[in-house]
Every structure is written in C-alpha cells, then in structure tokens.
Colleague: 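Just passing along the structure, written as structure tokens.
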Amino acid sequence: MMDKKVLIIGGGPAGIETAYSLALQDVKLVLIEKDADVCGNIKNWDKLFPDFKNASEVREKLIRKLEHPNIEIITNTEITKLYPEGNSWFAKNDAEKIFEADAVLLATGFEVFDAKRKEELGYGIYDNVITSVDFEKMYKSRKILTSEGRVPQRIAFLNCVGSRDEKVGNHYCSRVCCINAVKQAIEFKQLVPDSKAYCFYMDMRMAGQFYEELYRKSQEEYGVTYIRGRISEAAVTMDNRIQIKAEDTLSALPMKMTVDLLVLMVGIEASAGTTLLSEQNNVLGLYGFAKPLGLYSEDNMTAKSGLFLAGTCKRPLTLPETLADARSATTDIIRYLKTTK
Amino acid sequence: MKHWGFKISKPRVLDFDTANLDAYNRLIEKVPSAHRCLMCGACTATCTANLHTEFNFRNCHLMFRRGQFDGLAEELDKCMLCGKCKLVCPRGVNTRAIIYNLRIVLSDLNYKKIES
Ligand SMILES: Cc1cc2nc3c(=O)[nH]c(=O)nc-3n(C[C@H](O)[C@H](O)[C@H](O)COP(=O)(O)OP(=O)(O)OC[C@H]3O[C@@H](n4cnc5c(N)ncnc54)[C@H](O)[C@@H]3O)c2cc1C
Ligand code: SF4
Ligand code: SF4
Ligand code: SF4
C-alpha cells in the first residue's frame, strides 16, 4: 500500500473511473462531489448514443466501482479553493473544511449551455421550445408532449445551440449534439411513428464509430428529414405552436415551418468549478476549460506538478472517451506518486 | 415566379477553369470576415428584405464567390442595409459590409467590361 493520498474533485464518470483504477493500484483517495449523488451529467440521460444502452446500467456499474476500501466518498461538498504548498495540495469548500493530498485530479466536468442566452430561439419564453436535456427527462417516462399535453405531430431539432457560435463566444464544436439529435429523433419516431421529425444542421458530424450507421438508419427506417440551414428565430403562433425561420440552403430558398415542439441541442460548456479551479492554478485554457500540459502524451498533466486532468473539464468528450481518458490519467498519477518523495 | 438560384432556361455548369474567381479577393481585401461564411443561411432566413421580395443574401454571396455575376447587382439592390442579418450570423461575418462592397466591386467590373 502506498502511503500517498490522492484527491479527486468531481464525482462524474471521469472522477469515478479514475478513483476505481487508482484504488486497484493500491492508492488511497478521497472523491469529492458537490451534488448529493455521484455520476455527474449522465444522471440526466435515459438511453445513450450510439447503442441505446440504458444510462442507468452504466450508472449502477460506476457506483459499484466505488465500493472499494481505498475509496472515501464525500458528497454535498463543493470545492471552491485549490492550491499547492510545498509538495502537498490543499482543497477547501466555502465552510473552510480543508482536504490535504499528495496529488489532485480535476474531474469537474461540464455544464450544458444555457439556452436562454439565445433569446431569439425562445427558450424560457415559449413553452414548446425545449432543450435536449428536457427531452431526456421527458423521455424517462416515455412521454414527449407539448405543454398542453398533446402528442406532437411535427417536431424539429436544432443543432449547434451554444456551439460554433461567435455570438455566444463559443467557436468550438461540442461533438455530442449531432449524434444526440439523431438518437432523439429516432426515439421520438419510435414513440410517434406517424409524426414528422426534422433536424436542422450546419454540418452533420458523424465521426464516431457507428454514428454514420445510425444517421443512415434514421433516414432509411425512420424517415427523419435533415435540412441544411440554421434556424434564425422562433416565434409563437395563436395556438401556441412554434414557427421557425431558416433557409433551406440546398434549394437556396428561405423557408418557414410550424412545429409542435422545437428541441434545442444544447452544447457543452466548461462547468463553473472547472473554470474557477483552473483559474486559481494558472491552468485555464480556452473557453473556460482546463488546459493540459500538451496535446499528445501530456494530455492528463498540467503545468502544475501534482495537478492532473480527466474528462470534460478539458473539452467536450463522449462518455467512452471520458472513461478512457480517466484510465489514462491514472497512469500519470501513479508515475508521479512513485517519483516524488 | 420561383427563384431557384439558377436559370432553368440556360443550361450551365459552374466552370471553375473559366470563372472569374479572383474578383472575390477584392471583396476579401475590404471584408476579411467574408472568408468565414459557412453558408448556414441564417442571414437569409432573418432578412427583412425577403419578407417583400425574393432575396437571398447568402446565395448572392456564394454566386459572387463562384464568379457568377449575372443579375447580381440588380439582386443586391433589394437589400436595405438594415444589418439584421449581421445580428444572427454565427461566424461574425460583416454581412452588411459584404453587400456594400459587392455593389462597388460589381459596378467596377461592369465599367471595365464596357471600356475594353
Ligand atoms: C445533452 C448531452 C447528452 C449526452 N449523451 C451522451 C450519450 O448518450 N453517450 C455518450 O457517450 N455521451 C453522452 N454525453 C457526454 C457525457 O455526458 C460526458 O462525456 C460525461 O458526462 C463526462 O463526464 P465527466 O466526469 O467528465 O463530467 P460530468 O459528467 O460533468 O461530471 C463532473 C462532476 O463534477 C462535479 N463537480 C463540478 N465542480 C465541482 C466542485 N467544484 N467540487 C466538487 N464537485 C464538482 C459535478 O457535480 C459533476 O458530478 C452527452 C452530453 C450532453 C451534453
Ligand atoms: S456536434 Fe454537431 S450540433 Fe454539436 S456543435 Fe458540433 S456540429 Fe454542432
Ligand atoms: S449567417 Fe453568416 S455564416 Fe451563415 S450564411 Fe450568413 S454570412 Fe454566412
Ligand atoms: S442588411 Fe440586407 S441582407 Fe441583411 S437583413 Fe437587412 S435587408 Fe437583408
């Protein structure tokens, strides 16, 4: 057993997977989570892309991984201050409770883009404009309904909300929302087979394994219609439906369409904790994400010795990518613990 | 009549070997952000002019980029330079400056054609 201790900040998939891999290597650690429950953002997902696996199965598996004598879990504790002193690291919450460790892993993850910031799309103003996260929550009960309780006959998904948009300061692509729109459009068509589902996109980014296949399937088997054009604004009609304006760029014609429900595919932004703790340690990168030391073999390290990164606190990642990244961070942390005295 | 972005009566292809693709550089000199346009069409969708006329700013920009100048100047006259398109552009393209400068470049090109 190593006499060194590691502190993991953030009990999402990245934090849990690293905790488990470290514990197996005889490292003692404390995992600190600000919410009452662990698992991070995947708490909100029902089925996962691209294989429609139940997110609850993944969560149960992750939670079981935490049942290890080397792992101490502390929930309801938000770290707001992180600093090194000598060879040690210290983390504090607002109640000034102090945690000390030899190395720290930042696994503070992401938050979804607040769709209210795109006022022209009407989120928070019109009841029948929802986000992809709202869709997931509704889908848990297998009921996708309008605010009046009607079954939508026509639904539209809008990609790139809060991503690839200079107006909100995010130039980057969030990488998960195109495939998530394909997944949700299929889920909707399964629930309401005689409905019409439209997906508005600027580019369909289907680079992951099985993504292109799912995209094909959505067209072939479910008749999802893809329209290349960015919706510029949404308005409400007399009967509380949503009228959207876009250009169908492939026919070069401006278009309008009335839908029962508009779903905004919100992007990934750095979480408040990610930005705050990175800033305090001079490892703040672009757009509020934490900055790794390098792009290649140094992707889990930072410019601060003893401070490591895993998961979406660095950039948008899918769940499998996050888990792989967590296991990769483990190697660097163990090497560090073995070589520092 | 529907405007399809091309003329049905005159069969044509975009010939990149003979098209005047260099004229675009003159626009870029004045409006470097034009390069960033990813042709998403949000500007066209929101355009005030296309409430009353058939006007597609994005397509005008693309046609100019491809060296297709036929009828473009008349098309651009429909724009009121209100700048609404600039507000929605996700790439921060200075749309209004494109229209303004296209008008200048296009009239310049015609002038040269008459001269020679
Ligand atoms: C709409 C949407 C749908 C998605 N669907 C899928 C899918 O179907 N399949 C897939 O592969 N991927 C999906 N993803 C991506 C997936 O959610 C992420 O890859 C995964 O959640 C990243 O895990 P993480 O641990 O890095 O971050 P998070 O899940 O964000 O976890 C971070 C944790 O850190 C905690 N934390 C933050 N700050 C502090 C602090 N200061 N102190 C203590 N704790 C803190 C948070 O409370 C949270 O529990 C989706 C993403 C989005 C946006
Ligand atoms: S993954 Fe698709 S929807 Fe999401 S930001 Fe990238 S291009 Fe836009
Ligand atoms: S909104 Fe901007 S990026 Fe989109 S087509 Fe218009 S000018 Fe190009
Ligand atoms: S500036 Fe011209 S192209 Fe842009 S919205 Fe106004 S009228 Fe339309």
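To find a chain, count down the sequence lines: A is the first, B the second, and so on, and within it residues start at 1.
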Colleague: Just how far is it from atom NZ of A:K245 to atom OG1 of B:T46, taken to the nearest 0.5 Å?
Modeller: 5.5 Å
Colleague: Are any side-chain N or O atoms of A:R228 and backbone N or O atoms of B:M39, one a donor and one an acceptor, separated by less than 3.5 Å?
Modeller: yes
Colleague: Testing the basics here: between B:G41 and A:E247, what is the closest heavy-atom pair and its distance to 0.1 Å?
Modeller: CA-OE1, 3.2 Å
Colleague: Assess whether atom CZ of B:F16 is packed by more than 12 heavy atoms of other residues, nucleotides or ligands within 6.0 Å.
Modeller: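 Counting neighbours around CZ of B:F16, more than 12 heavy atoms of other residues, nucleotides or ligands fall under 6.0 Å, so yes.
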Colleague: Would you name the heavy atoms of A:K167 and B:G92 that are closest together and state the gap between them?
Modeller: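 Taking A:K167 first and B:G92 second, the nearest heavy atoms are NZ-CA, 4.4 Å.
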Colleague: For the SG atom of B:C89 and the CG atom of A:D165, what is their distance to the nearest 0.5 Å?
Modeller: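 One gets 8.5 Å once the value is rounded to the nearest 0.5 Å.
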Colleague: Please report the closest heavy-atom contact between B:A42 and A:S232, naming both atoms and the distance.
Modeller: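 B:A42 and A:S232 have their closest heavy atoms at O-CB, 3.5 Å.
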Colleague: Between A:E120 and chain B, which part of the residue has a heavy atom less than 4.5 Å away: side chain, backbone, both or neither?
Modeller: neither
Colleague: Taking atom NZ as the centre, does B:K84 end up with more than 12 heavy-atom neighbours from other residues, nucleotides or ligands that are less than 6.0 angstrom away?
Modeller: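 Correct, the count exceeds 12.
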Colleague: Is it true that a side-chain atom of B:N56 and a backbone atom of A:A252 form a donor plus acceptor pair closer than 3.5 Å?
Modeller: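 Flag set: sc B:N56 to bb A:A252 pair under 3.5 Å.
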Colleague: If you count every heavy atom of other residues, nucleotides or ligands that lies below 6.0 Å from B:Y100 atom OH, does the total exceed 12?
Modeller: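 Not buried by this count: 12 neighbours or fewer within 6.0 Å.
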Colleague: Which atoms of B:C43 come close to chain A, meaning under 4.5 Å heavy atom to heavy atom: side chain ones, backbone ones, both, or neither?
Modeller: neither
Colleague: Considering residues, nucleotides and ligands other than B:R36, do more than 12 of their heavy atoms fall under 6.0 Å from its CZ?
Modeller: yes
Colleague: Would a 4.5 Å heavy-atom cut-off, applied to side chains only, mark A:E166 and B:P90 as touching?
Modeller: no
Colleague: Nearest 0.5 Å, what's the CZ-OG1 distance between A:R230 and B:T44?
Modeller: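 If I round to the nearest 0.5 Å, the distance is 14.0 Å.
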Colleague: Say you draw a straight line from CG of B:L38 to CG of A:D203; how long is it, rounded to the nearest 0.5 Å?
Modeller: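 Reported to 0.5 Å precision, the distance equals 6.5 Å.
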Colleague: If you count heavy atoms of other groups shown closer than 6.0 angstrom to NE2 of B:H35, is the number above 12?
Modeller: no
Colleague: Please classify the contact of B:K86 with chain A as side chain, backbone, both or neither, using a heavy-atom distance under 4.5 Å.
Modeller: backbone
Colleague: Heavy-atom count around B:K78 NZ within 6.0 Å, excluding the residue itself: above 12?
Modeller: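 It does: B:K78 NZ has more than 12 such atoms within range.
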Colleague: At a heavy-atom separation under 4.5 Å, does B:L62 approach chain A through its side chain, its backbone, both, or neither?
Modeller: neither
